[in-house]
Amino acid sequence: MKQKDFKEKVYKIVKQIPKGEVLSYKKVAEKAGESRAWRSVGKILAKNKNPQIPCHRVVRLDAGVGGYNKGFQKKIFLLKKEGLIIKKGKIKSSF
DNA sequence: CGTATGACGTGCA
DNA sequence: GTGCACGCCATAC
């Protein structure tokens, strides 16, 4: 099953996300080579227990924060610390 | 191997 | 603008 590469790619891509920037689940899947597997991206990150992966920088296409296995507010807190503006669980600005 | 799931996305009322 | 239902593909059991 080469799909394993997909997961590893997702991890690597998410880890390559620069500070202050965010990528959508679909974008990550696209970079992983499976733009149709953005569904699994969220699940992979959900099962991800690796703190080395800034999964909090992965958001919805709708700029929604989405979720976080460490806590929804935790993700918002981290993003805000990165300089992003979160409004009602949505990214107001990326500058 | 098959079934169920999931941090989603899109469409329609 | 909000809410519900379907689809979609990899992962977990």
Side-chain angles (χ1 to χ4, degrees):
Chain A
M1 292 188 177
K2 289 182 179 177
Q3 286 87 350
K4 184 171 177 292
D5 282 330
F6 174 69
K7 186 171 68 169
E8 292 193 16
K9 277 188 177 182
V10 172
Y11 280 84
K12 187 167 188 164
I13 292 163
V14 174
K15 285 198 292 189
Q16 285 186 20
I17 299 176
K19 182 184 171 195
E21 295 290 316
V22 292
L23 284 177
S24 58
Y25 296 98
K26 203 183 272 191
K27 264 289 181 53
V28 174
E30 254 186 83
K31 288 172 172 290
E34 297 290 347
S35 53
R36 300 166 296 187
W38 47 268
R39 273 294 209 157
S40 305
V41 174
K43 201 149 87 86
I44 291 165
L45 296 176
K47 298 289 185 185
N48 165 37
K49 305 294 195 304
N50 205 326
Q52 297 180 307
I53 300 175
C55 34
H56 62 269
R57 290 185 188 146
V58 185
V59 297
R60 292 201 188 198
L61 278 184
D62 203 44
V65 177
Y68 200 50
N69 40 29
K70 289 200 175 71
F72 175 72
Q73 292 190 350
K74 190 72 177 180
K75 186 168 184 176
I76 296 174
F77 182 74
L78 291 169
L79 290 170
K80 288 177 73 173
K81 287 204 68 167
E82 304 233 331
L84 297 174
I85 308 299
I86 313 302
K87 199 73 172 180
K88 293 176 168 58
K90 295 248 179 159
I91 298 176
K92 196 73 189 313
S93 176
S94 54
F95 186 79

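So you know, we letter chains A, B, ... as the sequences are listed, proteins then strands, and number each from 1.
- Residue pairs that meet the salt bridge (Lys or Arg N to Asp or Glu O under 4.0 Å) test with at least one member in residues 67-77 of chain A, sequence neighbours left out, do not exist here.
- For A:Ser40, the listed nucleotide lying nearest its side chain is C:dC9; candidates were B:dA7, C:dC9, C:dA12.
- Using a 4.0 Å cut-off on heavy atoms, the residues of residues 47-66 of chain A that approach DNA chain B are A:Cys55, A:Arg60, A:Leu61, listed by number.
- Residues from residues 25-33 of chain A that place a heavy atom under 4.0 Å from any atom of DNA chain B, listed by number: A:Tyr25, A:Lys26.
- Residues satisfying the side chain to side chain contact (heavy atoms under 4.5 Å, CB included) test with A:Phe77, not counting sequence neighbours, are A:Lys81.
- Identified under the salt bridge (Lys or Arg N to Asp or Glu O under 4.0 Å) test for residues 43-54 of chain A, with sequence neighbours left out: none.
- Take A:Glu82 and apply the side chain to side chain contact (heavy atoms under 4.5 Å, CB included) test, not counting sequence neighbours, and it matches A:Lys19, A:His56, A:Arg57.
- When rounded to the nearest whole Å, the span between CZ of A:Phe72 and C1' of B:dG6 equals 17 Å.
- Summarising the geometry, the separation between CG on A:Leu78 and C1' on B:dA7 is reported as 14 Å, rounded to the nearest angstrom.
- Within a 6.0 Å radius of CD in A:Gln73, other residues, nucleotides and ligands contribute 12 heavy atoms or fewer.
- Contact record, A:Tyr25 with A:Trp38: O-CB, 3.6 Å, taken as the closest heavy-atom pair.
- Rounded to whole Å, the distance from CG on A:Asn69 to P on B:dG6 is 14 Å.
- Separating the CD1 atom of A:Ile44 from the P atom of C:dT11 is a distance of 5 Å, rounded to the nearest angstrom.
- The side chain to side chain contact (heavy atoms under 4.5 Å, CB included) check on A:Asn50 picks up A:Asn48, A:Gln52, A:Ile53, with sequence neighbours excluded.
- Here A:Lys90 pairs with A:Asp62 under the side-chain hydrogen bond (donor to acceptor under 3.5 Å, both in side chains) rule; sequence neighbours left out.
- Annotation: of the two residues near DNA chain C, A:Trp38 and A:Glu34, the 5′-most nearest-nucleotide partner is A:Trp38.
- When the salt bridge (charged side-chain N to carboxylate O under 4.0 Å, His left out) test is applied to A:Glu34, the partners found at least two apart in sequence or on another chain are A:Arg36.
- Residue contacts for A:Ala46: at a heavy-atom cut-off of 4.0 Å it reaches a base atom on one of the strands shown.
- Look at CZ on A:Arg36: it is 14 Å from P on C:dT11, rounded to the nearest Å.
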